[in-house]
Asks: 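Got a structure for you, questions after.
So you know, we letter chains A, B, ... as the sequences are listed, proteins then strands, and number each from 1. All of these numbers come straight from a predicted model, not from anything done at the bench.
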Amino acid sequence: MYDISVLTGGRAGDGINSAGLLIAHLFNQMGYQTYLYFDYPSLIKGGHNFTITRAAEQKIGAHRDQCDYLLALSQDSVDLHRHLLSDNAVILFDSGRVHGQGQGIPVEAILKAEQAPTVMGNSCIIGAFAKASGIPFDVVETVIRRQIPKVPEKNLAIARKGYEAVLEERVIPRVGTTCCPLVNGNEAIGLGLLHGGLDAYVAYPMTPTSNLLHFLAGAARDFPLTVVHPENEIAVMLMALGLSYAGKKTAVGTSGGGFCLMTEGFSLAGGAEVPIVVVMGQRTGPSTGLPTYTGQTDLRFVLHAGQGEFPRIVVAPGSSEQAYVWSSIALSLAWKCQVPAVILADKTLCEGTYSLDEKAMIVPGTGDPAKPGSSRSYRRYEMTENGISPLQFPPLRDAAIKVNSYAHDEDGITTEKADIVRLMTEKRKRKAQALKGEIDLLECVKTYGMGGARTALLCWGSTLLVCTEVARRYGFGVIQPIVLSPFPEEQLKAAVAGVRILIAVEENADGQLTLLCRQHGIAVDIHVDKLDGRPFSVEELGARLKEVS
Amino acid sequence: MYDISVLTGGRAGDGINSAGLLIAHLFNQMGYQTYLYFDYPSLIKGGHNFTITRAAEQKIGAHRDQCDYLLALSQDSVDLHRHLLSDNAVILFDSGRVHGQGQGIPVEAILKAEQAPTVMGNSCIIGAFAKASGIPFDVVETVIRRQIPKVPEKNLAIARKGYEAVLEERVIPRVGTTCCPLVNGNEAIGLGLLHGGLDAYVAYPMTPTSNLLHFLAGAARDFPLTVVHPENEIAVMLMALGLSYAGKKTAVGTSGGGFCLMTEGFSLAGGAEVPIVVVMGQRTGPSTGLPTYTGQTDLRFVLHAGQGEFPRIVVAPGSSEQAYVWSSIALSLAWKCQVPAVILADKTLCEGTYSLDEKAMIVPGTGDPAKPGSSRSYRRYEMTENGISPLQFPPLRDAAIKVNSYAHDEDGITTEKADIVRLMTEKRKRKAQALKGEIDLLECVKTYGMGGARTALLCWGSTLLVCTEVARRYGFGVIQPIVLSPFPEEQLKAAVAGVRILIAVEENADGQLTLLCRQHGIAVDIHVDKLDGRPFSVEELGARLKEVS
Amino acid sequence: MQEKNLITGAQNTWCPGCGNFTIQFALRNAIRGLVSEGVPLENIVLVTGIGCHAKMSDYLGINSFYSIHGRTIPVATGIKLANPELTVICCAGDGDAYAEGLDHLIFGAKRNTDITVVIHNNRVYGLTTGQYTPTSPFGFRGKSTPQGAPEEPFNPLTLMLASGAGFVARSTSRKMPHLTGIIGQALRHKGFSFVDVLQICASYFNVSELYDRQGYELSGHDPSDFTAACRKAEEWDYNTDSPIAFGLFYQEAKPCFEERFSRHPVSNVHPEEQIRAFLEKKR
Amino acid sequence: MQEKNLITGAQNTWCPGCGNFTIQFALRNAIRGLVSEGVPLENIVLVTGIGCHAKMSDYLGINSFYSIHGRTIPVATGIKLANPELTVICCAGDGDAYAEGLDHLIFGAKRNTDITVVIHNNRVYGLTTGQYTPTSPFGFRGKSTPQGAPEEPFNPLTLMLASGAGFVARSTSRKMPHLTGIIGQALRHKGFSFVDVLQICASYFNVSELYDRQGYELSGHDPSDFTAACRKAEEWDYNTDSPIAFGLFYQEAKPCFEERFSRHPVSNVHPEEQIRAFLEKKR
Ligand SMILES: Cc1ncc(C[n+]2csc(CCOP(=O)(O)OP(=O)(O)O)c2C)c(N)n1
Ligand SMILES: Cc1ncc(C[n+]2csc(CCOP(=O)(O)OP(=O)(O)O)c2C)c(N)n1
Ligand code: SF4
Ligand code: SF4
Ligand SMILES: [Mg+2]
Ligand SMILES: [Mg+2]
């Protein structure tokens with residue numbers, strides 16, 4: 001089984017992420033499943049960036065620490081990552097910038113000869129990488145033509161020179177013929193929202209969801225989509241609720257700090273029953289923390305954010321396919337049940353690039369929303385059996401559609417009467433039940449490799465794929481609740497039935513899912529934590545599991 | 001055992017709250033324990049307001065539905081509250097405004113005769129009430145001289161006319177000679193903070209803590225206190241953190257909606273270890289909800305607010321004495337451990353007036369903060385065994401005091417290094433331990449009437465006194481965790497040991513403490529909820545308990 | 001719920017003598033004016049904040065979004081972006097729009113979103129029982145400042161002019177016909193329309209006498225002259241005792257925010273096709 | 001941690017050619033100027049937001065509060081209120097102070113808190129990789145507006161003048177000595193001092209050529225003349241291509257916010273006594 005890791009390092013601004021992605025595309029063309037991890041500090045130029053492009057014959061979504069290839073565009077890339085190299089690692093470097101062992105590539109000279117700008121250095125690098133690893137040049141050509149369609153000829157000429165600058169060292173064979181779309185988590189979420197019928201996206205930039213804003217701002221050219229970047233996150237949330245009130249399926253995106261500023265509007269959405277979807281990309285906290293690193297520390301915050309009690313949807317996809325499917329579901333269900341929904345992601349998922357399995361992109365239907373009544377007697381908060389009132393938008397002839405942040409009656413007029421307040425609280429409780437009913441129809445808890453496994457890993461969100469990979473090696477099962485609110489207690493209980501040792505793997509210190517499970521009567525035996533903002537690598541999780549089990 | 005309830009009703013703007021308070025003072029002078037409940041809608045003039053002044057020989061802190069006296073300053077007061085009157089209820093009314101049974105008082109004519117402004121109508125009313133209930137006029141005189149010291153003579157003259165306008169109906173006897181200070185929860189919290197050494201208070205008005213702002217703004221005349229009302233709650237929180245950084249013990253106050261806007265600063269306080277106290281007065285949510293009514297729906301929100309993980313203090317006092325004591329403790333411990341603290345109150349506690357038991361106002365010492373190191377080598381985030389670094393404030397000679405919202409090193413300089421980030425996360429975990437150690441030294445869980453009780457009520461916050469009162473009647477015990485973070489698991493487990501049936505009484509729908517207990521392995525058998533924003537009355541809770549137990 | 005006289009059955013709870021009544025009827029009449037010109041009533045949406053002013057949502061029988069404190073303008077912007085056919089009106093308080101959510105007001109003006117913002121500027125927090133606001137005079141003894149407010153007010157008109165507002169006017173609850181006229185003009189102005197209404201708060205800041213004594217209606221003022229508008233706006237600083245002009249200070253036609261977003265024709269292409277096309281490129 | 005040259009050992013991570021370097025050294029030199037006049041270095045406190053500009057907290061070896069995005073000014077206000085002896089400086093970004101936290105900027109000016117606010121106005125969000133800000137030109141193609149920003153910029157100088165700022169200046173990272181001088185003046189001005197620094201962003205908005213070509217230093221301008229200041233500030237609208245003045249536009253001495261709070265002499269009375277006295281009245 002081939003399993004190859006390529007570490008590409010350089011300074012911020014060197015286009016390291018693109019270089020890693022081009023290499024992923026080479027693997028993709030060679031029939032591999034790929035995963036790209038991008039590690040970068042919070043700065044624009046200089047500093048040290050690196051990507052780990054991994055390729056394997058099975059689906060993967062985690063990086064390994066042991067690298068087989070090092071592509072060094074800066075001295076740091078050699079100096080800092082020495083310990084990650086496997087014994088026979090192939091080292092290629094930009095000989096203009098790096099001293100070391102391995103094969104040098106005179107990138108600058110090549111670019112100069114071709115009168116090409118610095119950004120084209122990546123083509124040179126992947127050319128060299130292809131040669132060193134025995135990948136035919138026509139694969140390089142395919143990748144460049146598809147991925148850098150702007151000036152392919154010049155890039156090809158440069159890639160060719162890179163190709164010729166080094167010697168073949170170790171051959172990476174072709175292992176298949178299918179090649180998948182490579183998308184990052186942000187793109188998968190964005191596409192899922194578009195699938196669900198997204199009309200508008202409103203966001204203020206914040207890592208790790210800034211790229212979702214950028215992606216959708218670009219997509220607004222092709223899709224019937226309005227994208228707005230307002231003055232701050234408070235405006236984001238309220239503008240989105242205005243769009244939603246007037247009939248647009250709307251989502252917003254942010255990270256923890258920005259979500260804080262949205263919580264007041266989030267409670268408004270809950271109380272006034274104005275649907276909205278929040279894409280919440282976690283990063284290392286507290287506060288500004290490590291803006292470009294990851295974490296799973298905001299689960300309990302999103303579960304309880306906003307004053308008062310109201311039903312909400314929280315989904316935490318663990319792969320690009322789940323990101324696509326569940327973003328679509330979250331949007332549909334938010335509108336169907338008129339509740340706020342959170343798509344809880346993190347830096348690993350948002351900015352990691354994955355081979356997308358199109359067969360897994362099937363979105364289950366969530367049924368139609370409640371039928372609107374006649375407009376003459378329209379009441380925004382009409383009492384219904386399941387607590388969900390017909391949803392209409394202005395302009396509606398002969399009707400006044402009144403939404404209200406205060407306690408209100410069926411017409412949306414403020415009330416302070418105890419009995420109406422109680423009825424409306426009960427309405428929201430019935431709606432929570434209805435929402436739970438919707439959720440129960442879906443496969444909210446995924447299990448992997450549980451056939452006879454006595455030990456299982458319990459995980460949520462982006463750690464899914466590192467868990468499944470490591471679990472396979474140990475013969476462990478994996479249990480992943482995708483929906484965290486309403487909590488799929490029965491499905492999760494069914495999943496853990498028969499498990500002797502349940503090990504929660506969470507990239508936080510408190511064990512947030514662990515505590516949530518305990519609250520629902522599900523005991524977790526061991527909690528594996530993570531304290532430094534880095535995602536688990538396959539090796540690290542393996543070692544941590546060995547320690548505890 | 002005497003137990004008397006007086007309902008005073010009128011329109012907003014009639015000074016109903018003051019009237020109720022004056023009556024409480026009459027009872028106070030007659031040796032009673034008193035409690036004043038104020039029920040008002042969110043409007044300034046008109047509408048319908050009422051107070052229930054209750055007096056008993058034992059400590060009380062809840063209202064009864066059955067009223068023995070009705071003082072009606074508006075027709076609504078008679079029409080709306082008929083069902084609350086006991087069979088022999090004494091009814092007095094302003095004969096200029098109200099038609100009905102009972103004795104009329106010509107308030108307007110009396111004021112006119114004395115050329116007195118409308119606000120003095122209250123004096124007339126309490127004069128009449130005193131007469132009808134056989135309270136000697138010298139008690140009225142004492143109350144007026146003490147509580148309306150501005151123009152006592154005129155008020156006395158009016159009270160005398162009120163006194164003379166009606167006949168004695170049923171005599172309320174003197175039951176003691178001690179009289180307690182009557183303070184509301186906001187005042188008790190404010191005094192507690194001042195006891196703890198409060199230097200500054202920053203707030204934006206929001207019911208039910210606006211009156212704490214008003215109280216402290218007034219107190220700033222007498223105490224060395226800076227009180228600021230800035231442009232919004234975001235500014236409140238950040239200004240407070242600036243004050244704290246520069247050495248001032250600072251608190252802020254708000255309710256749920258404002259707290260939402262503070263959560264980003266709250267996480268900053270947690271991550272940058274800048275101490276702060278938040279007085280968070282709950283009201284009926286979600287969103288604007290019922291601004292002048294109560295609720296216990298924000299416990300889980302404050303426990304988890306803010307991105308990332310960091311230790312925090314959450315205390316929920318249940319009486320005016322606890323409000324005083326625990327506000328002082330929260331402030332001291334926040335500074336000692338350099339963490340954010342929340343004093344979680346609600347409308348019932350904040351705006352209820354209670355007889356204060358001065359003997360119960362003893363604040364346990366919390367020890368001195370960590371010793372500052374030498375200034376030349378001062379490091380704001382110095383690694384220490386218990387995770388608490390010496391706290392110093394600028395100006396400090398030869399030192400630069402750097403606080404930082406990013407992940408940082410001991411000097412407070414930003415770092416993105418995995419190992420330092422891990423060390424700092426561990427430092428915060430040790431600090432959480434240290435904080436738990438501090439909390440464990442205190443009596444965090446109170447029990448009442450547990451001698452042999454097989455059934456116990458579990459409550460938190462303002463429902464304490466309705467629970468103790470009802471529990472007494474049923475022979476139930478009461479268990480009240482005052483500290484909710486760090487969770488006093490051991491103390492609570494010890495308290496519930498031996499209880500057969502544990503009934504949680506919470507003014508919410510979700511059962512927030514119930515779920516929290518479950519998370520800590522403490523099973524709650526029955527949850528009594530409240531859905532309409534009104535506090536439990538003694539009768540209502542009694543009936544609900546009868547239903548379930 | 002849509003009432004013929006545009007007034008719902010909700011019980012009105014403003015204080016006797018409150019200036020909000022005047023604003024309510026002025027606004028109602030201005031809306032009737034629009035409707036009589038053919039604007040469908042259901043195309044009108046009211047957005048309010050939280051405060052006494054905000055009860056307008058309960059009292060007017062039209063579409064409304066009773067929002068949260070300080071946040072009328074982003075909601076209104078969202079509604080207008082969603083459907084530019086709608087006429088969107090904000091009733092906001094001075095605490096609401098000048099303190100809690102000031103940034104949105106400035107961005108509303110900057111973007112020139114085609115909405116009308118009516119500020120119920122009673123120069124006090126009414127509903128929270130009388131604290132100073134950004135337009136209360138220096139030294140105002142409110143409940144949060146018993147020793148006097150420590151800040152001078154700012155001048156919302158000059159702020160709006162500096163922010164790029166294309167319609168800047170002032171009126172008062174003391175002059176119902178004037179107010180009706182100004183709101184009518186504001187509703188008809190295409191672009192961001194700002195009306196500062198000096199409203200009487202009968203309970204906490206009743207300065208009727210001041211407004212009656214110092215107030216006068218603008219005449220001979222050229223609302224297309226920006227510099228003149230600035231000078232006129234500076235005449236009264238919301239603090240000292242100088243003449244107070246009512247009328248339209250400034251008006252300028254400019255492109256609106258919502259026009260700058262491309263409107264896609266409603267497409268029959270299911271997004272899945274477009275998604276597939278996108279994924280193809282990522283292969 | 002307090003370094004002799006005021007520069008910490010933290011690795012500097014600004015892009016080559018970034019205007020922040022100039023601001024850093026201008027600020028450092030201005031601080032040195034203060035210190036040479038006898039201001040103790042430990043009395044100086046820097047507050048920064050979040051963005052490239054904000055790294056100043058890491059780089060200058062002085063007291064600092066590295067705050068959150070948009071929130072320099074309330075923190076600085078709190079620090080100044082706590083101890084008026086301190087010299088408090090904010091380094092804020094344009095995204096920071098003009099978008100996320102604009103309200104605080106206006107209230108800083110309104111209150112006339114004695115702090116100095118230096119805006120690193122690179123007219124782009126630098127650290128989040130290049131989106132439009134409130135001072136980016138209309139049509140700016142940033143990552144969030146690939147088809148061009150749909151808003152005209154506002155003019156921060158006119159906004160500050162309208163908000164009551166008593167010190168309004170502009171300089172640029174293209175003119176280190178001028179910038180040093182202006183920051184020095186700002187630090188010495190008693191009251192709220194606002195300096196808009198047109199800073200080059202080498203990576204996302206490098207308009208050095210524009211600032212060099214159109215920039216000129218104010219001369220013969222009377223900074224005590226408010227109207228003249230307004231007209232001068234309007235000369236360039238942060239959008240079109242007109243002359244760009246650098247210098248002090250406006251200066252006015254006014255009472256400061258923190259002076260309006262009564263300072264209690266440090267009392268030896270334990271609060272318990274005062275509490276008891278209060279309770280006595282409640283009996
Ligand atoms: C975030 C938030 N903070 C505070 C409040 C409390 N609050 C309700 S109304 C109000 C003031 C209203 O003043 P203004 O906007 O001037 O309206 P007015 O009552 O004077 O019409 C405040 C502070 C709130 N509802 N939400
Ligand atoms: C509440 C919040 N929203 C968004 C961000 C993400 N963020 C970090 S820096 C930045 C923009 C900085 O732009 P600017 O203030 O102009 O500073 P510059 O980098 O240009 O110096 C943003 C949006 C954040 N940290 N906090
Ligand atoms: S408090 Fe003032 S603004 Fe509010 S209703 Fe009463 S008079 Fe009107
Ligand atoms: S992105 Fe721009 S502002 Fe930020 S460091 Fe680079 S050049 Fe400077
Ligand atoms: Mg107001
Ligand atoms: Mg910037």
Asks: Pick from B:Arg428, B:Gln282, B:His520: which one has the most heavy-atom pairs with chain A under 4.5 Å?
Replies: B:Arg428
Asks: Given a strict heavy-atom distance threshold of 4.5 Å, which part of B:Leu299 is in contact with chain A: side chain, backbone, both, or neither?
Replies: neither
Asks: Quick check: does any side chain N or O of B:Ser267 sit under 3.5 Å from a backbone N or O of A:Pro286, one acting as donor and the other as acceptor?
Replies: no
Asks: Are B:Lys429 and A:Asp510 close enough for a salt bridge, meaning some N to O gap below 4.0 Å?
Replies: no
Asks: Could you check whether any side-chain heavy atom of B:Leu290 comes within less than 4.5 Å of a side-chain heavy atom of A:Val421, counting everything from C-beta outward?
Replies: yes
Asks: Which value, rounded to the nearest 0.5 Å, describes the distance between A:Gln519 atom CD and B:Arg300 atom CZ?
Replies: 6.0 Å
Asks: Quick one: closest heavy-atom pair of B:Pro41 and A:Glu416, and the distance?
Replies: CB-OE1, 2.9 Å
Asks: At a 4.5 Å cut-off on heavy atoms, which part of A:Arg534 comes close to chain B: side chain, backbone, both, or neither?
Replies: side chain
Asks: Give, as side chain, backbone, both or neither, the part of A:Asn508 having an atom under 4.5 angstrom from any heavy atom of chain B.
Replies: both
Asks: Just so I understand: if I count every heavy-atom pair under 4.5 Å between each of B:Gly285, B:Gly256, B:Ala432, B:Ser405 and chain A, which residue has the most?
Replies: B:Ser405
Asks: Taking the side chain as everything from C-beta on, heavy atoms only, tell me whether B:Pro291 gets closer than 4.5 Å to A:Tyr406.
Replies: yes
Asks: Measure distances from A:Ser42 to the heavy atoms of chain B and classify the residue's part below 4.5 Å as side chain, backbone, both or neither.
Replies: both
Asks: Which bit of A:Arg283 comes within less than 4.5 Å of chain B, counting heavy atoms only: side chain, backbone, both or neither?
Replies: neither
Asks: Go through A:Val302, A:Thr425, A:Asn404, A:Thr284 and name the one with the most non-hydrogen pairs under 4.5 angstrom from chain B.
Replies: A:Thr425
Asks: What distance do B:Thr288 atom OG1 and A:His408 atom NE2 have between them, rounded to the nearest 0.5 Å?
Replies: 11.0 Å
Asks: With only heavy atoms counted, which part of A:Lys530 is less than 4.5 Å from chain B, the side chain, the backbone, both or neither?
Replies: neither
Asks: May I ask you to test the B:Glu309-A:Gln512 pair for a side-chain heavy-atom distance under 4.5 Å?
Replies: yes
Asks: Can you tell if the side chain of A:Leu303 reaches within under 4.5 Å of the side chain of B:His304, non-hydrogen atoms only?
Replies: no
Asks: Got a second to check how far A:Thr414's OG1 is from B:Leu43's CG, nearest 0.5 Å?
Replies: 11.5 Å
Asks: Can you see which heavy atom on A:Gly308 is nearest to which on B:Asp298, and at what distance?
Replies: N-OD1, 2.8 Å
Asks: Taking all non-hydrogen atoms of both residues, which atom of A:Leu261 and which atom of B:Ile234 are closest, and how far apart?
Replies: CD2-CD1, 3.8 Å
Asks: Give me the atom names and distance for the closest heavy-atom approach of A:Asp532 to B:Ala418.
Replies: CB-O, 3.4 Å
Asks: To the nearest 0.5 Å, what is the distance between OG on B:Ser287 and CZ on A:Phe266?
Replies: 12.5 Å
Asks: Would you compute the distance between atom CG of B:Leu515 and atom CZ of A:Phe487 and round it to the nearest 0.5 angstrom?
Replies: 11.5 Å
Asks: Most heavy-atom pairs under 4.5 angstrom with chain A, which of B:Gly306, B:Gly533, B:Ala407?
Replies: B:Gly306
Asks: For the CZ atom of A:Phe259 and the CD atom of B:Gln307, what is their distance to the nearest 0.5 Å?
Replies: 10.5 Å
Asks: Can you tell me which of B:Gly271, B:Ala272, B:Ala509, B:Gly521 forms the most heavy-atom pairs within a distance under 4.5 Å of chain A?
Replies: B:Ala509
Asks: More than 12 heavy atoms of other residues, nucleotides or ligands under 6.0 Å from NZ of A:Lys417: yes or no?
Replies: no
Asks: Checking heavy atoms, do the side chain of B:Asp39, its backbone, both or neither come under 4.5 Å from chain A?
Replies: neither
Asks: Can you tell which part of A:Leu423 gets under 4.5 Å to a heavy atom of chain B, answering side chain, backbone, both or neither?
Replies: neither
